[in-house]
Amino acid sequence: KLEADGSFGVWVHAQSDMDFAEELLEAYVTDPRDPRIADLAARAGATRRTRTAEEREAHRRTERAQAEQARAHEAPAIGTVSLGLIVLSGIVAYFTKVGDLYTELFGFDWNAITTRGEWWRLFLPAVFHIGWLHLIFNMMWVHQLGSAIEYHFRSRYLLMQVLVFGVGGILAEGFITRHSAMGLSGVVYGLLGFVWVRGRLDPRSPIMPAQSTIIFMLFWMLLGFLGVMNMANWAHAGGLVLGMLWGAVSAGFARRRAA
């Protein structure tokens, strides 16, 4: 530091560094281009740049957290697409007496799809539930997971996921077991897989399910594969795998944008 009287003042952090500081000061006064001075200046500059970048990133994280908190107070109780799925499933449940009627109309039939053009069989089974417990269980998770995804990633994003996970789960169950998957369980597991992997691979992800939720859902799926409960196991597994893949890809894009 250049003082007012033209002398140099040197700030030393520790008394033990005094001799080294005096040596460097003498070298600088003798030859400002001394290689030791240039090396130390470069290292100091790199340290300053690193600290500045860290401070800026910390400031951005704080701003993002504050923005998320502000948005959370404005978040609707349920998203538009999530509400639509719940209402549609409720209407179908009402007219089919919760799975007692029109099963053949909603069932997966590859021959009917390819030869008679009944393409609705690729998705409509997702909104056809058998029993009140089945319906309420799926509606609860659509409300929780779907609304969160819809709020943070927008409604069109969730709608695309619902279509991909729903059709993917129905196809997995249909081709592997030759039976039709019924209900939104494949979609629910797809949404779970997405938020799980996205949260694990992207620290900035706005959604991360609780570990207890993940364990419960995986245990529930395991009960189906063990034969303890009668469920569309491959629809669950297919939706989960698709959701995890979606989460991994989207996390990669998010990290690339943040870089």
Side-chain angles (χ1 to χ4, degrees), residues 75-114 116-175 177-195 207 213 217 220-221 224 229-240 242-243 246:
I78 186 170
T80 305
V81 174
S82 303
L83 178 60
L85 284 174
I86 292 174
V87 171
L88 180 59
S89 297
I91 292 173
V92 172
Y94 175 79
F95 284 104
T96 62
K97 297 190 182 299
V98 200
D100 288 339
L101 303 176
Y102 309 117
T103 305
E104 71 286 349
L105 177 64
F106 288 87
F108 175 81
D109 186 336
W110 186 247
N111 184 60
I113 293 171
T114 55
R116 298 200 298 270
E118 297 178 1
W119 295 99
W120 66 81
R121 295 180 182 272
L122 286 174
F123 181 76
L124 279 187
V127 295
F128 185 95
H129 291 81
I130 301 176
W132 285 107
L133 180 61
H134 189 207
L135 176 66
I136 293 172
F137 185 85
N138 282 339
M139 295 306 94
M140 179 185 70
W141 288 112
V142 167
H143 179 205
Q144 181 175 332
L145 296 173
S147 295
I149 293 172
E150 192 169 358
Y151 177 67
H152 290 287
F153 296 94
R154 303 298 181 236
S155 297
R156 286 178 295 180
Y157 197 86
L158 175 64
L159 182 59
M160 286 189 297
Q161 290 186 325
V162 168
L163 292 173
V164 171
F165 302 155
V167 173
I170 289 168
L171 288 176
E173 186 73 21
F175 282 119
T177 69
R178 301 301 177 183
H179 293 97
S180 180
M182 297 295 189
L184 283 165
S185 301
V187 172
V188 167
Y189 272 96
L191 300 181
L192 176 71
F194 166 71
V195 296
I207 312 173
T213 299
M217 293 296 280
W220 188 266
M221 185 170 68
M229 302 184 69
N230 183 23
M231 297 187 291
N233 302 313
W234 290 106
H236 296 175
L240 181 65
L242 287 173
W246 193 310

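Since we're looking at a predicted model, the values are computed, not measured.
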Does [X] have more than 12 heavy atoms from other residues, nucleotides or ligands lying within 6.0 Å of its [atom1]?
| X | atom1 | answer |
| --- | --- | --- |
| Trp246 | CH2 | yes |
| Trp120 | CH2 | yes |
| Asn111 | CG | yes |

Spacing of [atom1] belonging to [X] relative to [atom2] belonging to [Y], to within rounding of 0.5 Å:
| X | Y | atom1 | atom2 | answer |
| --- | --- | --- | --- | --- |
| Thr96 | Ile91 | OG1 | CD1 | 11.5 Å |
| His179 | Asn233 | NE2 | CG | 12.0 Å |
| Leu158 | Leu163 | CG | CG | 9.5 Å |
| Ile170 | Ile113 | CD1 | CD1 | 8.5 Å |
| Trp110 | Leu122 | CH2 | CG | 6.5 Å |
| Leu159 | Ile149 | CG | CD1 | 12.5 Å |

Side-chain donor or acceptor of [X] paired with backbone N/O of [Y] under 3.5 Å:
| X | Y | result |
| --- | --- | --- |
| Glu150 | Thr80 | yes |
| Tyr189 | Leu242 | no |
| Ser147 | Ile78 | no |

Applying side chain to side chain contact (heavy atoms under 4.5 Å, CB included), run through Gln161 and Phe194 and close with a yes or a no.
CA-CA 9 Å; Gln161 290 186 325; Phe194 166 71; 3.4 Å; yes

Set out, in order, the CA-CA distance, both residues' side-chain angles and the distance that settles side chain to side chain contact (heavy atoms under 4.5 Å, CB included) for Tyr157 and His152, then state yes or no.
CA-CA 10 Å; Tyr157 197 86; His152 290 287; over 6 Å; no

Please find the pair of heavy atoms, one from [X] and one from [Y], that lie closest to each other, and give the distance.
| X | Y | result |
| --- | --- | --- |
| Thr177 | Glu173 | OG1-O, 2.6 Å |
| Ala235 | Ala181 | CB-CB, 3.6 Å |
| Leu145 | Val195 | CD2-CG2, 4.2 Å |
| Phe165 | Gly186 | CB-O, 4.1 Å |
| Ala93 | Leu135 | CB-CD2, 3.9 Å |
| Pro125 | Phe108 | CG-N, 4.5 Å |

Please, which pairs that meet salt bridge (Lys or Arg N to Asp or Glu O under 4.0 Å) have at least one residue in residues 118-131, sequence neighbours excluded?
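For residues 118-131: Arg116-Glu118, Glu118-Arg121.
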
For a quick test of your reading: what N or O donor-acceptor pairs under 3.5 Å do the side chains of residues 136-143 make, sequence neighbours left out?
residue, atom, partner, partner atom, Å
Asn138, OD1, Ser185, OG, 3.2
Asn138, ND2, His129, NE2, 3.1
Asn138, ND2, His134, NE2, 3.4
Asn138, ND2, Ser185, OG, 3.2
His143, NE2, Ala77, O, 3.0

